[in-house]
Amino acid sequence: MKAYQVSKDYSISSLELVDISYPKLLPNQVLVKMKANSLNYRDLMVVTGYSSWKPPVGRVPVSDGVGVVVERGSEVTSLAVNDRVAGLFLPKWIDGKLTDEKVGGSLGGAKTDGLLQEYAVFNESEVIKVPTFLSDVEAATLPCAGLTAWHGVTEKGDLKPGSTVLIQGTGGVSLFSAQFALMAGAEVILLSSSDEKLALGKKMGVKHLINYHQMPAWEKNIMQITAGRGVDHIVEVVGGSNINRSMDVIALDGTIAVIGLIGGLSAELDTVKIMSRQIRMQGIEVGSKEMFSRMNEALQHYQIHPIIDQVYPFEEAKSAFYHLEKGATGKIVIQY
Ligand SMILES: NC(=O)c1ccc[n+]([C@@H]2O[C@H](COP(=O)([O-])OP(=O)(O)OC[C@H]3O[C@@H](n4cnc5c(N)ncnc54)[C@H](OP(=O)(O)O)[C@@H]3O)[C@@H](O)[C@H]2O)c1
């Protein structure tokens with residue numbers, strides 16, 4: 001079967017499409033024929049060997065994928081052949097709070113192979129059925145970007161109708177976050193580098209749109225929009241020193257969901273401001289299977305379709321990575 005592997009040059013161009021043997025099935029596992037993968041910013045970090053995301057040579061990258069069960073082990077009871085499932089980004093985080101044991105072994109990372117391959121095996125508990133109203137392409141976007149946004153906005157958001165939410169950018173996590181914030185009845189403020197992408201936000205129902213290139217001092221706009229209060233909730237996908245800018249526009253007692261690291265891995269922060277404005281810095285690590293299941297119910301109930309930028313055939317996976325590197329609007333997907 002075909003699979004992509006990270007090569008010693010750690011670049012998109014050097015990703016290798018190789019023939020590997022079919023995975024062996026254990027009694028508690030299912031064999032899944034992959035149908036679609038979606039790409040996340042983190043997959044770029046793995047492929048290019050960035051910092052602690054650098055995997056060993058030969059790693060099959062990409063955390064997210066949806067496929068169909070084609071064979072099941074003798075001990076498997078909850079899944080049947082033809083069930084459509086997604087792998088869990090954090091295969092060990094089934095429910096409850098995150099622990100050191102549950103956070104290890106993320107798919108397509110430094111320690112575990114991912115899903116950019118024609119077939120994959122999973123332990124029975126480490127997949128989840130996906131909503132039937134979604135296409136394979138749409139469902140493939142849920143495990144990382146969808147669930148992270150759900151966790152950051154819905155599980156940790158405490159949003160009410162009229163709450164204000166600041167969303168940075170129009171990538172995968174950002175547009176899912178906008179959808180979940182709108183679902184909760186919140187008033188969304190969307191930042192983007194492009195008017196074209198903001199127009200998409202407007203179509204989705206976002207009320208306040210700011211081009212952060214044209215308005216580099218966007219903090220002022222946000223304070224005007226919120227009549228000086230600041231926003232209740234921020235989806236911080238940029239990270240690094242950008243968190244200081246978020247701290248300038250967060251309302252008293254507001255929450256900053258710290259998700260991204262596009263802007264760097266560390267920053268100097270005004271800790272007095274965190275204290276005196278009672279800011280909750282809520283780190284988000286994707287999410288659990290239990291949260292995934294709640295997200296699926298909401299997607300079904302509100303008929304929310306993930307926003308897809310472009311779909312590439314499996315053979316053109318490198319083009320999909322280049323597109324992600326340039327910047328996506330919503331999700332980039334690879335289809336088999
Ligand atoms: N903690 C977790 O569990 C978790 C899970 C998933 C992702 N992440 C992280 O979250 C971040 C986003 O991931 P993703 O997969 O959604 O990435 P993505 O699809 O590549 O989207 C990135 C978007 O960020 C926006 N952006 C970049 N610089 C910005 C700035 N200075 N201000 C506002 N927006 C800016 C851009 O939007 P415009 O083009 O509209 O300007 C860009 O399209 C990454 O750092 C990723 O590693 C973390």
Side-chain angles (χ1 to χ4, degrees), residues 38-48 50-53 62-64 88-90 93 98 102-103 106-109 141-153 155-156 166-179 189-202 204 206 209-219 222 234-246 249 256-265 267 281-288 291-292 306-310 320-333:
S38 74
L39 296 187
N40 293 284
Y41 190 85
R42 179 256 201 179
D43 300 321
L44 272 179
M45 301 196 294
V46 171
V47 166
T48 57
Y50 179 68
S51 188
S52 59
W53 286 266
V62 179
S63 60
D64 288 10
L88 302 179
F89 183 98
L90 296 174
W93 194 8
L98 190 58
K102 293 174 187 176
V103 83
S106 58
L107 290 181
T141 66
L142 301 177
C144 180
L147 185 54
T148 302
W150 172 264
H151 185 183
V153 171
E155 303 269 341
K156 296 294 194 307
L166 172 63
I167 303 216
Q168 302 162 346
T170 56
V173 174
S174 303
L175 288 190
F176 266 117
S177 298
Q179 288 176 300
I189 305 170
L190 184 64
L191 292 178
S192 175
S193 56
S194 137
D195 284 346
E196 208 182 321
K197 295 179 177 189
L198 288 172
L200 172 69
K202 191 170 182 186
M204 291 166 61
V206 173
L209 308 154
I210 302 175
N211 184 317
Y212 63 81
H213 279 167
Q214 286 166 16
M215 307 268 184
W218 45 259
E219 290 91 334
I222 292 179
I234 298 182
V235 179
E236 178 66 59
V237 299
V238 179
S241 61
N242 196 67
I243 296 187
N244 286 301
R245 303 189 73 182
S246 291
V249 297
I256 301 178
V258 181
I259 291 175
L261 28 84
I262 297 167
L265 304 184
M281 290 283 184
Q282 177 62 60
I284 297 292
E285 182 59 37
V286 190
S288 65
M291 293 178 196
F292 202 144
I307 293 167
I308 310 296
D309 186 329
Q310 199 165 334
F321 272 99
Y322 286 125
H323 186 160
L324 182 71
E325 199 178 36
K326 256 190 5 222
T329 312
K331 297 299 298 176
I332 307 285
V333 181

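All heavy atoms count here, side chains included; hydrogens, waters and symmetry mates do not. Atoms within each ligand, like the ligands themselves, are counted from 1 in listed order.
Residue V173 places at least one N or O, backbone or side chain, under 3.5 Å from an N or O of ligand 1. Not a single N or O atom of V258, backbone or side chain, sits closer than 3.5 Å to an N or O atom of ligand 1. The N/O atoms of S192, backbone and side chain alike, include one that comes under 3.5 Å of an N/O atom in ligand 1.
Nearest heavy atoms, P143 versus D64: CB-OD1, 3.5 Å.
Within the model, atoms CG of L200 and OG of S192 stand 9.5 Å from one another, a figure rounded to the nearest 0.5 Å. Between the OG1 atom of T329 and the CD atom of E196 there is a distance of 7.5 Å, given to the nearest 0.5 Å. A distance of 9.0 Å separates CG in L88 from OG in S288, rounded to the nearest 0.5 Å. Here the CG-CD distance, from L261 to E236, works out to 10.5 Å after rounding to the nearest 0.5 Å.
Judged by the shortest distance from any of its heavy atoms, A145 lies outside the 4.0 Å radius around the atoms of ligand 1. Assignment of V238 to the shell around ligand 1 is supported, since a heavy atom sits closer than 4.0 Å. Ligand 1 lies nowhere less than 4.0 angstrom from a heavy atom belonging to S194.
Comparing G201, G287, G172, G169 against atom 34 (N) of ligand 1, the shortest heavy-atom distance belongs to G169. In this comparison of V235, T148, T170, the heavy atom closest to atom 5 (C) of ligand 1 sits on T148. Which of T329, T141, V237, L147 comes nearest to atom 11 (C) of ligand 1 through a heavy atom is settled by distance: it is V237.
Closest protein heavy atom to atom 2 (C) of ligand 1: I284 O, 3.4 Å. The protein heavy-atom contact nearest to atom 14 (P) of ligand 1 is Y41 CB, 3.9 Å. Protein heavy atom in closest approach to atom 48 (C) of ligand 1: I259 O, 3.0 Å. Scanning the protein for heavy atoms near atom 42 (C) of ligand 1, the closest one is G171 N, 4.4 Å. Atom 22 (C) of ligand 1 has I262 CD1, 3.7 Å as its closest protein atom, hydrogens excluded (heavy atom only). Nearest non-hydrogen protein atom to atom 28 (N) of ligand 1 is Y212 OH, 3.6 Å. Among all non-hydrogen protein atoms, the one lying nearest atom 10 (O) of ligand 1 is G260 CA, 3.4 Å.
Atoms of ligand 1 found under 4.0 Å from any heavy atom of A328, numbered from 1 in the order shown, are 43 (O). Contact atoms of ligand 1 toward C144: 5 (C), 6 (C) (distance under 4.0 Å to a heavy atom of the residue). Listed by number with element, the atoms of ligand 1 under 4.0 angstrom from any heavy atom of L261 are 45 (O), 47 (O). Applying the 4.0 Å criterion to heavy atoms of K197 picks out, from ligand 1, the atoms 39 (O), 40 (O). Numbered from 1 in the order shown, with element, the atoms of ligand 1 that lie under 4.0 Å from a heavy atom of E285 read 3 (O). Within ligand 1, the atoms closer than 4.0 Å to a non-hydrogen atom of S193 are 38 (P), 39 (O), 40 (O), 41 (O), numbered from 1 in the order shown. The distance from ligand 1 to the heavy atoms of V286 drops below 4.0 Å at these ligand atoms: 2 (C), 3 (O).
Side-chain N or O atoms of S38 include none that pairs as donor or acceptor with a backbone N or O of V333 at under 3.5 Å. In this structure, the side chain of S194 engages the main chain of K197 through a donor-acceptor pair within 3.5 Å. Using a distance-only test at 3.5 Å, with no hydrogens or angles considered, no donor-acceptor pair links the side chain of N242 to the main chain of G239. Although no hydrogens or angles enter the test, the distance criterion places a donor-acceptor pair under 3.5 Å between the side chain of K331 and the main chain of L39. In this structure, E219 contributes its side chain and V249 its backbone to no donor-acceptor pair below 3.5 Å. The closest donor-acceptor contact from the side chain of S51 to the backbone of W53 lies at 3.5 Å or more, if one exists at all.
With a heavy-atom cut-off of 4.0 Å, Q168 touches ligand 1 through backbone and side chain alike.
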Stepwise side-chain contact (heavy atoms from CB on, under 4.5 Å) test for T48 and F321: CA-CA 11 Å; T48 57; F321 272 99; over 6 Å; no
Criterion side-chain contact (heavy atoms from CB on, under 4.5 Å) on N40 and F89, from CA distance to verdict: CA-CA 11 Å; N40 293 284; F89 183 98; 5.7 Å; no
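For the side chain to side chain contact (heavy atoms under 4.5 Å, CB included) with V235, the qualifying choice from I256, I284, T148, I167 is I167, the only one to do so.
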